[in-house]
Asker: 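The structure follows.
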Amino acid sequence: MNAESNFTKKDFTPSGEVKWCAGCGDFGILSQTIKVLSETGKSPEEFAFISGIGCSSRFPYYVDTYGFHTIHGRALAIATGTKIANPDLSVWVAMGDGDGLAIGGNHFLHAVRRNVDMVCILMDNQIYGLTKGQFSPTSFRGQKTKTAPLGTMEDPIDPVALTMGLNGTFVARTSDRNPKHMHEVITRAYKHKGFSLVHVLQNCPIFNDGAFEKESNKETRADATLMLKQGEKMLFGKESEKCIVSTGFSPKVALVADVDEKDILVHDEHQAGLGHFLAQIQGENFPKPLGVFIEREAPTIDQEYVTQNNSVIEKKGRGTIKSLLEAGDTWTVG
Amino acid sequence: MNAESNFTKKDFTPSGEVKWCAGCGDFGILSQTIKVLSETGKSPEEFAFISGIGCSSRFPYYVDTYGFHTIHGRALAIATGTKIANPDLSVWVAMGDGDGLAIGGNHFLHAVRRNVDMVCILMDNQIYGLTKGQFSPTSFRGQKTKTAPLGTMEDPIDPVALTMGLNGTFVARTSDRNPKHMHEVITRAYKHKGFSLVHVLQNCPIFNDGAFEKESNKETRADATLMLKQGEKMLFGKESEKCIVSTGFSPKVALVADVDEKDILVHDEHQAGLGHFLAQIQGENFPKPLGVFIEREAPTIDQEYVTQNNSVIEKKGRGTIKSLLEAGDTWTVG
Amino acid sequence: MNEPLKIQELDKVVIRFSGDSGDGMQLTGNQFTGASAHRGNDVVTLPDFPAEIRATPGTIPGISGFQMQFGDHAVNTPGDFPDVLVAMNPAALRANIKDVKKDGFVITDSDTFTEAMIKKAGYADDVDPLDAENVLHKQVIAAPITSQTIETLKDFDIDKKSKARCKNFFTLGILFWLYDISPAFTIQWLKGKFAKKPMLADMNIKVLNEGMLFAQNSGHFQSQYRVQPADLKPGMYRSVTGNEACGLGLVAASNLAGLDLFLGSYPITPATTVLEEVAKYKDHNVKAVQMEDEIAGVCSAIGAAWAGYFACTNTSGPGIALKGEALGLAVITEIPLVVINVQRGGPSTGLPTKTEQSDLMQAMYGRNGESPMPVLAAKTPADCFHMTIEASRIALKYMTPVILLTDGYLGNGSEPFLIPDEKDLPVLKVTQRTDPKGYQSYARDPETLAREWVKPGTPGLANRVGGLEKDITGAISHDPENHDEMVRLRAKKVQNIENDIADLEVLQSPHGDDILIIGWGSTYGSIRNSVDKYQKEGKGVSQAHFSHIFPFPKNTGDVLKKYKKIVVAEMNLGQLAPLLRATYLTETIPLTKIQGSPFTEKEISDVIDTLI
Amino acid sequence: MNEPLKIQELDKVVIRFSGDSGDGMQLTGNQFTGASAHRGNDVVTLPDFPAEIRATPGTIPGISGFQMQFGDHAVNTPGDFPDVLVAMNPAALRANIKDVKKDGFVITDSDTFTEAMIKKAGYADDVDPLDAENVLHKQVIAAPITSQTIETLKDFDIDKKSKARCKNFFTLGILFWLYDISPAFTIQWLKGKFAKKPMLADMNIKVLNEGMLFAQNSGHFQSQYRVQPADLKPGMYRSVTGNEACGLGLVAASNLAGLDLFLGSYPITPATTVLEEVAKYKDHNVKAVQMEDEIAGVCSAIGAAWAGYFACTNTSGPGIALKGEALGLAVITEIPLVVINVQRGGPSTGLPTKTEQSDLMQAMYGRNGESPMPVLAAKTPADCFHMTIEASRIALKYMTPVILLTDGYLGNGSEPFLIPDEKDLPVLKVTQRTDPKGYQSYARDPETLAREWVKPGTPGLANRVGGLEKDITGAISHDPENHDEMVRLRAKKVQNIENDIADLEVLQSPHGDDILIIGWGSTYGSIRNSVDKYQKEGKGVSQAHFSHIFPFPKNTGDVLKKYKKIVVAEMNLGQLAPLLRATYLTETIPLTKIQGSPFTEKEISDVIDTLI
Ligand SMILES: Cc1ncc(C[n+]2csc(CCOP(=O)(O)OP(=O)(O)O)c2C)c(N)n1
Ligand SMILES: Cc1ncc(C[n+]2csc(CCOP(=O)(O)OP(=O)(O)O)c2C)c(N)n1
Ligand code: SF4
Ligand code: SF4
Ligand SMILES: [Mg+2]
Ligand SMILES: [Mg+2]
């Protein structure tokens, strides 16, 4: 993105070995992230990678920037402090579906709401990997895991729909098996000023292999995914023979042949209403939309703090210990 | 609702005095709730009221049923345990905007997602009352409070939009100054099988007086609110001269006079898409919708546990200590 | 006008203001406090807010109270039993009358003693609260305060309700006259406060003067009283509550360290006002952030500390319980962090508006694993300022989270604060490494054993830390010996702080070493007064009060050896005592009370007398 | 076929299985364990899983280990140093060779010693790992296990990879022959497991037999060995890990109490398998709920307990830190709750896959306010079953949350579990009040001081409880004296449990009272073996091991007085020791180790020898 970046992927790759299982989807996410970093033109020191606990949360050890591998579920709260304290850092958070949406759910809610300027990469394998295979908030109803031997009894969270419900300012989804697309989406997320959610469909070959096979497999993905492209019709299928139309307030899949061309929806990232509409594209009857659902401008809390403080300092001048203590109602003895 | 209920409001009203400030909006919410309880036909013992900490969370002390005044933010997690353990209880949770959406946000997320069968009354005064006036997650951007002397720097959560983003099964809003409507909505919430969110606009005369004056005041509320009625056009204003129309994916306010009658939206609680659409009706440019946004059927986690366990017990029979311990690979010594 | 009365000298006076939340008792008390402080008395105050939710006006739960003691010497506490009770309605009278000293004054608003109000206060139907036997041995001044106030303001063009609202200044006037205190302070304050509404200022001033005249002329009082100035250390003073002092201490520490302050917090009684105080100082580029909960509060602070800023979080007991896991992260990553716990009554929600010292063990041990954190305690409202700076010094110098314990009594109570000169404050030198050569994340300063602080953004020093055990290079290490060594190193680092703190001071009795009364935190004043009394009586009773609890001052063992009997006084079931017993194997005699307030002198002597 | 070899008798043998996660070492170990247990040996095992994230195959971090000791007597531990090391690749060899006893056997798969694999294992380029000097004083059996396995299966119509996967049964065969153990157990198991895929059963059985033949004929072994059955208590046995035992204990307790079990939990290493175990027993109407976090885990359990059910939550150290605030609610509302902490290495994330005993203080004090909770500890995997029932008994009888401490060593380790008869298990009588007359929420049983349990739904008993202080009627009370009384009552209730628990037992040396080694939890076995050794040597070394830590057994003080020297052995920096010192003012000598595993006999004697 920055034509004359002086850095290469090597500059962002630490020496230590990456300890994910062979075939783990996290590898692909890592390499695309490092590619994007190397293209920003920023030096490695200008980035802070923060994570909680989980396989995915090992991320910070695998990028040669400043990194903080914290505790389960708290990455966003910690990153919020980091970013508000030092808005000059480019802050990135890597989280798993359990880390970010189970124990970390509350911090997710409020980081989105505050529009803290950071990139949040949610590596969603619909399972707890590090603890060896329990269900997560994104596991599908009925999924059999060690803690749900007869299948789970709850509906999953759709991270995109949730973030839309919180009026997120940048919401996107991509897949570990589609490097080009991932690279494009992560680049967009980096460029967005505000909280950028990148929901990545990630395969865990060990504990939940094939969870996203439909969406990833070259054979099937044309039918199982919907690639959102700004200004373009929402077509999918091998021959782009299928499309999304609206039935008033809900989306519907149709055959291009069967519908009036102008009824086929056209994607517009900047139309909040459409984003909310697309967030309903969940579940078996729909292709999974990949791409940027929405991007909009809004104040970020980190900059708001700078603005408020500066306005006061301009008015009153920078405080000193003397001005601090010798204030209010004072009196002198002797 | 139950023609021959043998109980009166008195049966649900404990002796002790109610200790909210004079004029607190919570009084009205309490009396409508008690009215609904007395009409269910259930005896007081069949209800469990659970709350966290806050002025609103004092609720359980003021209804003469089983009550649990717990800790800040945890009411829904505790109530989830109560309901799954004993699905026969009618479980109600009373929470404030801080209790339920700040510290309690994660439990809110997951209670909605699990569709735990309970009534959740969110008493939203856009302030922390009990701690004497700090901003809450529903305070508007710029609201001046003790902890934001120059105004808050974050956008509020819209509880309705959030719950829609989580695919809630019953989502409604009402106002402390509209007893009839409140009664209707709470009754509907009670009858719904699943997690029922009742978002109540509540005035705190002491620390945030008039927060919902527009929506409550007899003079202005016709213009400031939109009463959602199943099957009816979305009209508002003193002479119902205004209406809501759709601009494709987003709502817009229009004058009835200016639009083609058939373009005026008609409310349908059972159309999820419309609910998502209506959840966008937020902020200054819109009337606040009151009423039931959506109601839909879905399995409740408490019943799913009953079903799974019973199916196993039917197959294998009820386990005993002997069947428990003398299982797997055993051997005998001596 | 009758003869000027003679003026009697007193060495100290205790006044309790009591009335409905609406009666402005906190304000009245603060005004009297300010005036007597300005005249040079030592003054200690303590508000008594109604519990949790505001109750119906006129009832006892609705009562808001404010007690203050002023004297011609260090008074140390707001006093046990009032010489004067101001009771603005029957409920206030009923709730407090039993505490008033024999022959003490009781000033009430007779206009409020209607049947309805008397009933609301919970008196039996047929009793007259002001009837002699119900106020036995008290001098009752039942003045028609409300009606007098309204009468006084008859010429003002404003509704009765607003006029009546001035009545507390009538009461204040009575007290100013009674204790011969000039109203100048309050008059000036009123003019300032109502600069934009001069009429309100005039109204209140008129009522104030009327109150003084009433006191002088009503014939209720046989004399006036005067408390001479105390010989306080010369200098500039202001009155601070403990929570204000903590807030000021944090901002001051940030200036001393040359690092901007980040406070990650979440409201909780009685700690919220620390956040509210800090939030004022945007001119110091303070970032005070109200997060979504206590966990996010401490986590955001950890994120800011890791980012190289001066970070703090504050809360009360339940909040500390929630922060425990994250504090462990600060311990293992060795990040500087100040944690302030304004303690309240527990367990669980407990008695949130009452004070207690029951979080000491939680401060010591409320985390998983071997997770040592220095623990400090402040002993007076003004001391909160200095101990906050001390906590900051230790955190920044030793790269460790530090817990400072205060409590509701300190947080809400106030006393004169001698404003220090910047040059008399400790230097908090902070060096953040910038040299990339040979950096290792867990290499330690040979003296402090602290690891180095690197600010993200610094060229050439990109590194990763985290909650997993690390070796000296900062690499994750599952090596058992390395873990054993790191656990012991972290413990040693904290223990070594004993070489860098003040010795335990003893207020030594010249009359022998019979008894040492040990305390910590807000019980300082009441223990101090008792010990003074015993020493004046020629008894061998000495006092030692801990400001540093973990690690203990190095001389602690020697001090303990010296005395025949060691009494440990705490507002809990004994939390400092077991630490002393385990560390020094010394016998201790418990003096415990869990009643939401520090000891009265009597509660202490009841125990000590049996030991002498 | 050559002459049958003579068979040597051994009293105990330690075997360590080591290989890639894919090599099936856990399975192989478990099969050998099952077979020798069935033949009547005492067997104790401990798996050693690779840390946190699975590493590249062939590397040392990728190694998965399983150690077991079997003997003709109570062996108590999985043993310190192996007599036999099974190393399925060079990395496994390199990681473990140093531990093998002098002249011990090393069985490796020579096919894996390729240049590449040797490099991956981290050997320098030019070394041959099997070269004599690198395996000095060991008997190395380098068998072409992979190729032999594939060769054996040449007639089966299946891919090589699948054939190679059978190689661990070749190894197992070697060991069965070497220790003269019948393969019947494993053959039966294979038939059961692969009932639907008989070919897989046949393949593995064929390889197993081939392994036995290889051992017999290859000439690698000069003799066979045999370990006679131990004289275990007669009865029916099964092998359990500590976590399985906790799960079984909870379900059993639920049956004994006649209350359905609710487990509110959240996964965390090494505690997750308790939840996974309990989740199996839907036929007991168990409701095992995986909540969104640990706070929700304990809160849902509190909600279920309040609803009148038998509730439990389980986790590890960081989870306990998060549950602290909610546990305080259980304390003040006096609700029965079993809390199981399977401890791991701290602080913070620390060493999650390694064991430690560093959460004792957190269990005692990790809550705000005076918040007493009984604390228990299990000492062996099978003991986890009985201590879980004991924790349940106390919780239900005294209406209190109870913390049971186990750890990763117990949770993952296994031993034979003598299946008790229902009638030999304690009766957990639970009475829930149904009589509305004169009910008061905080009225107490005069003997246990427990309040009554009322199940919501019960007619006429609607009542409200909560986290605020209450008086006996259950009404919120801000009365200071009431609070003081309630705080002391809650403490007394828990302290009184000392009258209802077993005395502290001493494994008394007949040779004097020189030294008492005190421990708690999973160090039992290793301390026991050392103490046995000393007593056999005629030394005055005795052992006392705590199952109840808070309150302590009543005789603890008397026991401590009896011995000249008290050594407290803990896998922490000393957490039981300060509790004993503070309570009994007794001198203690620390024996501490924080290395993720219990003491070896040598580590204990290194200290004890200096004291004798
Ligand atoms: C407080 C706390 N609770 C629980 C755990 C155990 N734990 C570690 S990672 C994890 C979830 C991992 O799943 P996810 O976040 O989806 O990451 P993944 O491993 O799948 O990438 C859990 C429950 C912990 N380390 N700390
Ligand atoms: C763990 C914990 N944190 C903080 C508090 C302090 N606290 C009590 S209520 C409350 C928020 C009250 O606001 P809300 O939930 O909106 O209820 P309201 O009083 O407005 O009805 C807070 C922060 C507490 N009691 N416990
Ligand atoms: S367990 Fe799954 S998510 Fe974790 S590293 Fe292995 S493959 Fe990746
Ligand atoms: S403070 Fe506000 S919310 Fe609380 S009781 Fe008073 S009026 Fe109601
Ligand atoms: Mg995951
Ligand atoms: Mg509120």
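First the proteins, then the strands, lettered A, B, ... as listed; each starts at 1. This structure is a prediction, so every number in the text was calculated from the model and none was measured.
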Asker: Is it the side chain or the backbone of C:E356 that comes within 4.5 Å of chain D heavy atoms, both, or neither?
Answerer: side chain
Asker: Which of the residues D:G317, D:A330, D:G366, D:G467 is involved in the greatest number of heavy-atom pairs with chain C at under 4.5 angstrom?
Answerer: D:G467
Asker: Using a strict threshold of under 4.0 Å (side-chain N to carboxylate O), is an ion pair present between D:E334 and D:K493?
Answerer: yes
Asker: Among D:T588, D:T556, D:L560, find the residue that satisfies the side chain to side chain contact (heavy atoms under 4.5 Å, CB included) test when tested with D:I518.
Answerer: D:L560
Asker: Under a 4.0 Å threshold between the charged nitrogen and the carboxylate oxygen, would C:E570 count as salt-bridged to C:K593?
Answerer: no
Asker: Identify which part of C:L579 has an atom lying under 4.5 Å from any heavy atom of chain D, answering side chain, backbone, both or neither.
Answerer: neither
Asker: Top residue by heavy-atom pair count (under 4.5 Å) with chain D, among C:E481, C:M486, C:R488?
Answerer: C:R488
Asker: With a 4.5 angstrom heavy-atom cut-off, could you sort out which part of C:Q575 is near chain D: side chain, backbone, both or neither?
Answerer: side chain
Asker: Relative to chain C, which of D:G328, D:S371, D:P480, D:G345 shows the most heavy atom pairs under 4.5 Å?
Answerer: D:P480
Asker: Using heavy-atom distances under 4.5 Å, tell me whether D:E370 contacts chain C through its side chain, its backbone, both, or neither.
Answerer: both
Asker: Which pair of non-hydrogen atoms, one from C:S348 and one from D:L329, has the smallest distance, and what is that distance?
Answerer: OG-CA, 3.5 Å
Asker: Which atoms of D:T586 come close to chain C, meaning under 4.5 Å heavy atom to heavy atom: side chain ones, backbone ones, both, or neither?
Answerer: backbone
Asker: Given a strict heavy-atom distance threshold of 4.5 Å, which part of D:T583 is in contact with chain C: side chain, backbone, both, or neither?
Answerer: backbone
Asker: Counting only non-hydrogen atoms closer than 4.5 Å, does C:L585 touch chain D with its backbone (N, CA, C, O), its side chain (CB onward), both, or neither?
Answerer: both
Asker: Which one of D:R490, D:M361, D:E485 has the most heavy-atom pairs closer than 4.5 Å to chain C?
Answerer: D:M361
Asker: Closer than 3.5 angstrom, by distance alone: can the side chain of C:K323 be matched with the main-chain N or O of C:E294 as a donor-acceptor pair?
Answerer: yes
Asker: Quick check against the 3.5 Å criterion: does C:D471 have a side-chain atom that pairs as donor or acceptor with the backbone of C:N482?
Answerer: no
Asker: Can you tell me which portion of D:I295 sits under 4.5 Å from chain C's heavy atoms? Options are side chain, backbone, both or neither.
Answerer: side chain
Asker: Is the backbone of C:P352 close enough, under 3.5 Å, to the side chain of C:K354 for a donor and an acceptor to pair up by distance?
Answerer: no
Asker: Which heavy-atom pair separates D:G474 from D:Y442 by the least distance, and what is that distance?
Answerer: CA-CD1, 3.9 Å
Asker: Tell me, out of C:A321, C:G369, C:P578, C:S477, who's got the most heavy-atom pairs with chain D below 4.5 Å.
Answerer: C:G369
Asker: Looking at D:S316, D:G466, D:P318, D:A577, which one has more heavy-atom pairs under 4.5 Å with chain C than the rest?
Answerer: D:P318
Asker: Check whether any side-chain N or O of C:N314 sits under 3.5 Å from a backbone N or O of C:I340 as a donor-acceptor pair, and report yes or no.
Answerer: no
